Number of protein chains: 2
Amino acid sequence: MRESDFDVVRQLPLFCDMDRAHFDALLAAAHLQRLPKSTNLIHEGDLPDFLHIVVEGAVELFAESHGRETTIDILRPVTTFILAAVIRDEVYLKSARTLTQSRILMIPAKAVRDAFGRDAAFARAIVGELAIRYRSIVRVLKDHKLRTGVERLANWILTSEQEQGGRGRVVLSYDKRTLSARLGMSPEHLSRNLTHLAQNGVVGNGREIVITDRGALQRYAKADPLIDG
Amino acid sequence: MRESDFDVVRQLPLFCDMDRAHFDALLAAAHLQRLPKSTNLIHEGDLPDFLHIVVEGAVELFAESHGRETTIDILRPVTTFILAAVIRDEVYLKSARTLTQSRILMIPAKAVRDAFGRDAAFARAIVGELAIRYRSIVRVLKDHKLRTGVERLANWILTSEQEQGGRGRVVLSYDKRTLSARLGMSPEHLSRNLTHLAQNGVVGNGREIVITDRGALQRYAKADPLIDG
DNA sequence: CGTGGGGTTGATACAGTTCAAGATACGTGG
DNA sequence: CCACGTATCTTGAACTGTATCAACCCCACG
């Protein structure tokens with residue numbers, strides 16, 4: 001593992017307060033893997049072997065049941081995932097795959113649980129991390145139950161635009177098929193919804209989406225800080 | 001607070017390992033309130049004053065946005081709620097109200113955060129509790145995104161029947177209106193779905209639902225341990 | 001009794017999916 | 001650099017799941 005990556009991980013809220021020796025032990029047991037696009041990382045129903053951390057790239061969390069599949073969330077660096085399963089040593093409830101080439105840090109689950117039992121600062125940091133994850137999934141749930149597809153899209157455009165610097169345009173970092181899954185709609189519906197938003201200040205053009213009338217879009221989206229964060 | 005209630009709380013996984021003195025301090029600052037049906041306990045957007053615990057009765061977690069409302073979960077004793085907001089000292093993302101007359105233990109948020117900082121065993125117990133809550137909401141999300149309304153109903157009947165002793169019948173402890181909200185459908189739709197299930201081994205009769213053909217119902221429901229727990 | 005709330009039933013409308021076909025962009029080999 | 005084949009994206013039409021509105025029923029309760 002590169003020195004710079006080591007530092008990035010060390011500075012994560014999850015690790016920055018823990019005892020140096022415990023941290024070193026944790027990372028000594030860990031692997032940093034560079035993985036190609038569309039690699040399956042974990043599969044729901046399995047018992048956790050590793051705590052995963054997206055260091056670079058993008059990871060999709062999804063779930064299947066009887067032939068149906070749904071995207072739960074898309075994670076960007078630097079984020080832990082399946083922490084709850086590791087802590088409880090219970091089966092994963094979701095699966096994960098890379099969406100782009102990614103670098104994933106994998107820390108053996110047992111090492112995490114050991115450090116958790118031994119290092120109080122680490123235990124407290126895990127609480128913070130879990131609470132963040134919990135609140136994040138509550139937002140996802142509200143987004144899906146309180147909004148229609150077009151509204152989710154409108155709000156996604158607004159928040160993505162902010163993340164990308166507020167220049168009035170959003171560039172997709174994955175294909176529209178994936179975006180439609182992330183927004184919980186079929187690819188066809190995303191396409192239609194995008195044309196529908198043309199009347200509300202948005203123009204789509206390939207992988208670029210341009211906001212032509214932010215006021216109109218905001219009025220239409222009805223953003224809610226308790227959903228969009 | 002009654003002696004027996006004190007013991008019940010002390011024995012919760014969240015508290016049983018913590019230092020006796022810290023526990024006493026926590027409870028000294030707490031109130032146990034008996035509240036009538038339909039009392040609002042917390043409102044989304046407010047900052048947390050108390051950690052709440054359902055000791056008796058039933059509590060509905062719900063959320064609103066721009067005139068729409070959705071039920072997130074229904075909690076039965078003994079369960080904590082809004083722990084994540086208390087720990088992070090951030091606004092509630094959901095609201096809560098009693099569904100029946102209930103007894104709710106309220107522990108001042110500051111006292112919880114103090115104990116959390118001072119008592120490592122308590123911090124670890126909070127991790128366990130948060131991980132359970134997290135996994136529970138993932139199941140709720142999967143239930144809604146991977147199933148139709150009728151399927152949710154069928155699975156709800158099966159798990160409720162197990163909880164009520166596996167005697168082939170389920171008795172509702174709240175009205176159908178509330179159940180329909182819990183299942184994420186309109187009251188009309190619940191009614192229709194229930195008659196639809198008549199062909200699949202279920203007979204509804206007022207507040208009682210009887211399973212006449214468990215095999216047929218199970219086949220229809222396609223239960224999934226990664227959703228129903 | 002009458003009144004009202006919860007529940008059912010019917011008719012209609014909307015959101016979203018699916019299937020099928022056409023359009024557009026995109027990387028590869030010639 | 002172009003032609004081709006494949007991916008992805010869009011468009012259209014039919015269909016499923018669910019919501020909404022309205023009428024009605026039933027029973028509990030004043």
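Everything numeric in this text was worked out from a predicted model, so none of it was measured. Below, read A as the first sequence line, B as the second, and so on, with proteins coming before strands; counting in each chain starts at 1.
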| task | Give, ordered by number, those residues of residues 61-75 of chain A having at least one heavy-atom distance below 4.0 Å to an atom of DNA chain C; if nothing qualifies, reply none. | result | none
| message | Evaluate B/S4 against B/D7 for side-chain hydrogen bond (donor to acceptor under 3.5 Å, both in side chains), listing each step before the verdict. | response | CA-CA 5 Å; B/S4 63; B/D7 290 343; over 6 Å; no
| remark: Hits for salt bridge (charged side-chain N to carboxylate O under 4.0 Å, His left out) against A/R88, two or more places apart or cross-chain, chain-then-number order -> A/E90
Could you please name the option among [options] that lies closest to any side-chain atom of [X]?
X      : options                : value
A/T148 : C/dG16, D/dT11, D/dA19 : C/dG16
B/D175 : D/dT18, C/dG6, C/dG16  : C/dG6
A/T195 : C/dT8, D/dT11, C/dT17  : D/dT11

| request: Output yes when B/E69 and B/R97 qualify as a salt bridge under the 4.0 Å nitrogen-oxygen rule, no when they do not. | output: yes
| field | Pair A/E188 + A/R192, salt bridge at N-O below 4.0 Å | value | no
| Between A/H52 and A/F81, what is the ring plane arrangement, given parallel below 30°, perpendicular above 60°, and tilted in between? | tilted
Distance in angstrom units between [X] [atom1] and [N] [atom2], rounded:
X      : N      : atom1 : atom2 : value
B/L190 : C/dG7  : CG    : C1'   : 10 Å
A/R177 : C/dT17 : CZ    : C1'   : 13 Å
A/Y174 : D/dA7  : OH    : C1'   : 19 Å
A/R147 : C/dG16 : CZ    : C1'   : 18 Å
B/L183 : C/dG7  : CG    : C1'   : 16 Å
B/H189 : D/dT20 : NE2   : P     : 12 Å
A/L194 : D/dT10 : CG    : C1'   : 11 Å
B/H196 : C/dG10 : NE2   : C1'   : 18 Å

| message | Please determine whether a side-chain nitrogen or oxygen atom of A/K176 lies at a distance below 4.0 Å from atom OP1 or OP2 of D/dA7. | response | no
Report each atom pair, protein N/O against N/O of nucleotides 22-30 of chain D, whose distance is under 3.5 angstrom.
none

| field | pair B/W156-B/V170: side-chain heavy atoms closer than 4.5 Å | value | yes
| B/V203 side chain reached by B/I209 side chain, heavy atoms, under 4.5 Å | no
| request: Could you name each residue pair satisfying salt bridge (Lys or Arg N to Asp or Glu O under 4.0 Å) that touches residues 206-229 of chain A, not counting sequence neighbours? | output: A/R147-A/D228, A/E151-A/K222, A/E161-A/R214, A/R169-A/E208
| query | Can you list every pair that meets salt bridge (Lys or Arg N to Asp or Glu O under 4.0 Å) and has a residue in residues 35-56 of chain B, with sequence neighbours left out? | reply | A/K142-B/E44, B/E56-B/R103
| field | side-chain contact (heavy atoms from CB on, under 4.5 Å) between A/L158 and A/Q218, intermediate numbers included | value | CA-CA 8 Å; A/L158 282 170; A/Q218 281 170 334; 3.9 Å; yes
| Is the Lys NZ or Arg CZ of A/R133 less than 6.0 Å from the centre of B/Y134's six-membered ring, within 45° of the axis? | no
| message | Regarding D/dG12, can its base be found pairing with the side chain of A/R192 as donor and acceptor, where the two atoms are less than 3.5 Å apart? | response | yes
| How many angstroms lie between atom CZ of B/R135 and atom CG of B/L226, to the nearest 0.5 angstrom? | 8.5 Å
| query | For the helix from C/dC1-D/dG30 to C/dA23-D/dT8, how many degrees between its two end axes (five pairs per end), to the nearest 10°? | reply | 30°
| query | Where does D/dA7 land, syn or anti, given syn is within 90° of 0? | reply | syn
| request: Have a look at B/S186 and say if it touches a base, only the backbone sugar-phosphate, or nothing, with a 4.0 Å heavy-atom cut-off. | output: base
